[in-house]
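Every chain is numbered from 1, with letters handed out A, B, ... down the list of sequences.
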Protein chains: 2
Amino acid sequence: MTTMVQEKNVTVPKKGKQIYEGKAKKLFETDNPDLVIQEFKDDATAFNAKKRGTIVGKGVINNKISAMLFQLLEKESVPTHFVKLLSDREMLVKRLEIVKVEMTIRNIAAGGLTRTTGIPEGTKLKKPVLEYHYKSDELDDPLINMDHIRELGIATEEEMKQIDKMTLKVNELLKAFFAKAKIDLIDFKLEFGRHHGKILLGDEISPDTCRFWEQGTGRKLDKDRFRRDLGDVEGAYEEMLKRVSEKLS
Amino acid sequence: MTTMVQEKNVTVPKKGKQIYEGKAKKLFETDNPDLVIQEFKDDATAFNAKKRGTIVGKGVINNKISAMLFQLLEKESVPTHFVKLLSDREMLVKRLEIVKVEMTIRNIAAGGLTRTTGIPEGTKLKKPVLEYHYKSDELDDPLINMDHIRELGIATEEEMKQIDKMTLKVNELLKAFFAKAKIDLIDFKLEFGRHHGKILLGDEISPDTCRFWEQGTGRKLDKDRFRRDLGDVEGAYEEMLKRVSEKLS
């Protein structure tokens, strides 16, 4: 598993103390207050952490896939938090004040959309469906709307318009990119944050945060293999890394 | 309990067979295909009919309150399905093709908003919060957004813009009206439908579909007394009929 990553000419800052540990990643301070190190773990959770496990090698794969996709998006003028890959599991990123909304965007019905609305899994949507989910483990990441975002003080209407636009653009770019790799991009979630007043795409883009179905066979190449006990979870992640690497080399 | 109802000069059509029975109302055909009779029951349900009971006299009260409020709204140029009161429990209305969205509008946090977002009950909202809930008992009336409405084929964007505008206008009118009766209008739900291509306000407006808190004391004068076993449910409904009648007489 090798990846072609064009690294920017940035002095690598010194890794400081851990400032956050999430379900799949840790964040560390650096001696530059504008930069943090994002470290990818092999821990896997589903259903708001009611299901837990390990996907061996996932952290390495998600780090590499995310790095490649962030670079692809940067080239297309989507500003991201990505600075450079530091190691197999570590990525240097710009420090963000996270906007507490998970942006979900869907091209084909699956998962939460099917559960919420009854639209059968696999239905091709007329247009991309955009959803706001409030980032709150306690409340189980509920679907919310712009009025709720305003009342919760999560973001301004102006910021959300910009985030909507960026999410739709990322969807178009990634849909086209994955199609070349014979993968249908079913849905995915993005997170954004503020960095010196500018909205940047943050978090990760990986089989943990996207649904990927192989064209023709419909084979699932994402975290649904773990969620739904479909077997060969590691193989699916490795396959996605291979396809992304090939198309970007 | 007497009410002042200005009745329109309409020939009363003959009551035909029952075409629908819901949780709180029945609908009957008439010999005029454009008109149906809406009959109000005393049956009370909550939590998607997991809790059931009877509120004696509720049907009579909700019929009368709804009639008065529909007339008040018509005077302010809000088109409704109301035609005239027929009896204590019956109202003649225009036949609607119901838009399968419950429009919830909120001025103060309570109920589902508190459960979904964690905003504490009683919090005054900066602006009215509008929510779309998909009318589906099977799916438990989930919160949805305009993208879901489009994919489900529930209504057009144009229709929803008009329904949003009507809902906000009804909220302003009713908030002002109930304030005169020393009642805070916390939140309520409206339903709309199509009648010969025109969007009309339908369903009912009553203590079953609104949260009413007495100003000063915070005493709940609505279905929450039934939902939360607060006692004196009938008294609350009677009090609301009295206050509405007084302010409209």
Item to check | Residue B:Ile119 versus chain A: region with a heavy atom under 4.5 Å | outcome: side chain
Between chain B and chain A, which N and O donor-acceptor pairs fall under 3.5 Å? A table would be great.
from     : atom 1 : to       : atom 2 : distance (Å)
B:Lys126 : N      : A:Glu151 : OE1    : 2.9
B:Lys126 : N      : A:Glu151 : OE2    : 3.1
B:Lys126 : NZ     : A:Arg150 : O      : 3.3
B:Lys126 : NZ     : A:Glu151 : O      : 3.2
B:Lys127 : N      : A:Glu151 : OE2    : 3.1
B:Lys127 : O      : A:Arg150 : NH2    : 3.3
B:Pro128 : O      : A:Arg150 : NH2    : 3.3
B:Leu130 : N      : A:Asp147 : OD2    : 2.7
B:Leu130 : O      : A:Asn145 : ND2    : 2.9
B:Glu131 : OE2    : A:His148 : NE2    : 2.8
B:Asn145 : ND2    : A:Leu130 : O      : 2.9
B:Asp147 : OD2    : A:Leu130 : N      : 2.7
B:His148 : NE2    : A:Glu131 : OE2    : 2.7
B:Arg150 : O      : A:Lys126 : NZ     : 3.3
B:Arg150 : NH2    : A:Lys127 : O      : 3.3
B:Arg150 : NH2    : A:Pro128 : O      : 3.3
B:Glu151 : O      : A:Lys126 : NZ     : 3.2
B:Glu151 : OE1    : A:Lys126 : N      : 2.9
B:Glu151 : OE2    : A:Lys126 : N      : 3.1
B:Glu151 : OE2    : A:Lys127 : N      : 3.1

Item to check | Qualifying residues under ring pair (Phe, Tyr, Trp, His ring centres under 6.0 Å), relative to B:Phe40, sequence neighbours excluded | outcome: none
